[in-house]
Colleague: 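Okay, here's the structure, questions in a sec.
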Amino acid sequence: MKIIFTNTFNIPEEYRPQPASKFIPDWYKNLDSYMGSIKRPDGNGTTNATAKRCMPVFDAITSGYIIVSPADVFVSQRDGQPYFEWSNFGLISFHPKEQAPDHPNRNGLNAYPKWINHWAIKTPKGYSTMFVQPFHRESVFTILPGVVDTDTYTAPVNFPFVLNDPKFEGIIPAGTPIAQVIPFKRESWEMQFGEQKEFIEQAQVTTRLQTKFFDRYKTMFRSSKEYK
């Protein structure tokens, strides 16, 4: 499968989208795999592994692609509200707060700032794209997540956001990850509740999991994901 990113505004090459695996956060890179840097059981049937060994965390961090800011944005405070200035590309626009006055992330802002994204995205027929705040990454802002059917809607998608601290002042530098882009296949789903068969199956999985100390989920159950 191919996902196509089209540069619609002459964004410099160094700020093009890349696989999320190119943006692993420093806290994760610097984390030891095992507490105390010693690989050992913890005395309770498990191990002293840290989040570095948690494949669900790794798979979230490396899922899809990252879009970054192609220019600096400077945030100051005027009349009790954040004021945004940007160095190029018309990077910020705004939505009035009345469009979502009770959104739990509004954070007291008088308007929702919005990243103007100049990358058009196209996915194969039957595939949509989820746009979310980059996972497990410290940031001064949080985008409001959304899903777009990028097999038919192939124009750029913008990203409304809020400041995590509405009193923040400082620079959001060019190259800052602003959105994680995760393509997925559209399918119809129907919820049901498991019965005896499913109860037995999960018990068998749990029993198998407990036959080893280290990298149990990774070696027994995980499937590799690839984004190039």
Side-chain angles (χ1 to χ4, degrees), residues 3 14-69 72-73 75 104-105 107 115 129-147 159 161-184 194 198-228:
I3 182 169
E14 61 264 37
Y15 299 120
R16 66 172 53 179
Q18 295 188 67
S21 59
K22 304 290 186 182
F23 293 89
I24 296 176
D26 287 341
W27 76 264
Y28 186 89
K29 290 180 182 179
N30 298 332
L31 182 66
D32 284 338
S33 292
Y34 298 94
M35 290 178 280
S37 300
I38 300 174
K39 181 179 179 180
R40 65 176 185 269
D42 68 354
N44 297 304
T46 57
T47 74
N48 64 332
T50 68
K52 188 71 166 281
R53 306 304 302 174
C54 180
M55 297 314 298
V57 171
F58 177 80
D59 284 343
I61 289 172
T62 59
S63 287
Y65 306 86
I66 296 290
I67 292 176
V68 304
S69 168
D72 290 347
V73 171
V75 186
N105 292 100
N107 220 3
W115 290 105
T129 301
M130 181 179 295
F131 299 92
V132 296
Q133 180 69 20
F135 292 132
H136 296 292
R137 178 181 294 276
E138 185 177 12
S139 180
V140 302
F141 62 87
T142 299
I143 69 166
L144 306 185
V147 172
F159 312 123
F161 68 93
V162 296
L163 292 174
N164 297 328
D165 175 5
K167 301 300 183 183
F168 170 79
E169 290 188 294
I171 196 165
I172 302 173
T176 297
I178 60 175
Q180 192 157 351
V181 177
I182 304 175
F184 66 93
E198 288 75 26
F199 179 83
I200 293 172
E201 179 182 18
Q202 64 82 28
Q204 290 172 338
V205 167
T206 300
T207 298
R208 184 181 175 199
L209 193 73
Q210 292 172 341
T211 61
K212 294 184 179 295
F213 277 119
F214 302 103
D215 297 327
R216 301 185 293 189
Y217 168 74
K218 178 180 180 180
T219 57
M220 296 180 185
F221 302 106
R222 177 180 177 263
S223 296
S224 295
K225 293 86 176 168
E226 189 171 66
Y227 301 91
K228 297 182 177 179

Colleague: Check for a donor-acceptor pair, side chain of K228 on one end and backbone N or O of P19 on the other, with a separation under 3.5 Å.
Modeller: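 The answer is no, because no donor-acceptor pair under 3.5 Å joins these two groups.
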Colleague: Compile the donor-acceptor pairs under 3.5 Å between side chains in residues 32-41 and protein atoms, sequence neighbours left out, one pair per line.
Modeller:
| residue | atom | partner | partner atom | Å |
| --- | --- | --- | --- | --- |
| D32 | OD2 | S37 | OG | 2.7 |

Colleague: Ignoring hydrogens, what is the shortest heavy-atom contact between P183 and G64? Give both atom names and the distance.
Modeller: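 Here P183 and G64 meet closest at CD-CA, 4.5 Å.
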Colleague: Please name all residues satisfying ring-ring contact (aromatic ring centres under 6.0 Å, His included) with F161, sequence neighbours left out, ordered by chain then number.
Modeller: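 For F161, the residues satisfying ring-ring contact (aromatic ring centres under 6.0 Å, His included) (neighbours in sequence not counted) are F84, W115, F141.
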Colleague: Write down the atom of I61, the atom of P25, and the distance for their closest heavy-atom approach.
Modeller: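 Smallest heavy-atom distance, with atoms named: CG2-CD, 3.7 Å.
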Colleague: Closest heavy-atom contact between V75 and L163?
Modeller: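 Closest approach of V75 to L163: CG1-CD1, 4.1 Å.
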Colleague: Using the test side-chain contact (heavy atoms from CB on, under 4.5 Å), find all partners of V132 that sit at least two apart in sequence or belong to another chain.
Modeller: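 Checked V132 against side-chain contact (heavy atoms from CB on, under 4.5 Å); matches are M130, F135, P145, Q180, I182.
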Colleague: Sequence neighbours left out, what passes side chain to side chain donor-acceptor pair (under 3.5 Å) with T129? Give chain and number order.
Modeller: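 So T129 forms a side chain to side chain donor-acceptor pair (under 3.5 Å) with T150.
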Colleague: Under the salt bridge (charged side-chain N to carboxylate O under 4.0 Å, His left out) definition, can you give me all pairs with a residue in residues 14-26, not counting sequence neighbours?
Modeller: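 As it turns out, the salt bridge (charged side-chain N to carboxylate O under 4.0 Å, His left out) pairs with a partner in residues 14-26, which skip direct neighbours, are E13-R16.
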Colleague: Out of curiosity, E138 CD to W27 CH2, how far, rounded to the nearest 0.5 Å?
Modeller: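 With rounding to 0.5 Å, CD (E138) is 11.5 Å from CH2 (W27).
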Colleague: So which atom in A20 and which in S63 form the shortest heavy-atom distance, rounded to 0.1 Å?
Modeller: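 Heavy-atom minimum between the residues: CB-O, 3.4 Å.
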Colleague: When you measure from the side chain of Y15 to the backbone of S69, do you find a donor-acceptor pair of N or O atoms at a distance under 3.5 Å?
Modeller: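 Not a single qualifying donor-acceptor pair exists.
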Colleague: Quick one: list whatever passes side-chain contact (heavy atoms from CB on, under 4.5 Å) with P17, sequence neighbours left out.
Modeller: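 Scan of P17 (side-chain contact (heavy atoms from CB on, under 4.5 Å), adjacent residues dropped) gives F5, I67, W119.
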Colleague: Only counting residues at least two apart or in another chain, list the ones meeting side chain to side chain donor-acceptor pair (under 3.5 Å) with D165.
Modeller: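 With neighbours one apart ignored, the set is empty.
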Colleague: How long is the straight-line distance from CZ of F131 back to CD1 of I143, given to the nearest 0.5 Å?
Modeller: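 Rounded to the nearest 0.5 Å, the CD1-CZ separation comes to 8.5 Å.
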Colleague: First locate atom CG of N107, then atom NZ of K167, and finally report the distance between them rounded to the nearest 0.5 Å.
Modeller: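 So the gap between those two atoms works out to 10.5 Å.
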Colleague: Checking I3 against V181 for the side chain to side chain contact (heavy atoms under 4.5 Å, CB included) test, could you report, in this order, the C-alpha distance in whole Å, the side-chain angles of both residues, the deciding distance, and whether it holds?
Modeller: CA-CA 10 Å; I3 182 169; V181 177; 4.2 Å; yes
Colleague: Restricting to side chain to side chain donor-acceptor pair (under 3.5 Å), what partner residues turn up for K225, sequence neighbours left out?
Modeller: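 Listed in chain order: D59.
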Colleague: Considering residues at least two apart in sequence or located in another chain, which fulfil the side chain to side chain donor-acceptor pair (under 3.5 Å) criterion with T46?
Modeller: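 D42.
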Colleague: Tell me the closest heavy-atom pair linking S139 and N164, and the distance in Å.
Modeller: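 Taking every non-hydrogen atom into account, O-ND2, 2.8 Å.
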Colleague: Can you tell me how far OG of S223 sits from CE of M55, rounded to the nearest 0.5 angstrom?
Modeller: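 Answer for the CE-OG pair, M55 versus S223, is 11.0 Å.
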Colleague: Taking only residues at least two apart or on different chains, which pairs with a member in residues 200-220 satisfy side chain to side chain donor-acceptor pair (under 3.5 Å)?
Modeller: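 Only R53-D215 qualify under side chain to side chain donor-acceptor pair (under 3.5 Å).
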Colleague: Tell me, please, which residues at least two apart from Y227 pass ring-ring contact (aromatic ring centres under 6.0 Å, His included).
Modeller: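 So Y227 forms a ring-ring contact (aromatic ring centres under 6.0 Å, His included) with Y65.
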Colleague: Do you know the tightest heavy-atom contact between D72 and A174?
Modeller: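 The answer is OD1-N, 2.8 Å.
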Colleague: To the nearest 0.5 Å, what is the distance between CZ (F213) and OG1 (T47)?
Modeller: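 Separation between the atoms: 9.0 Å.
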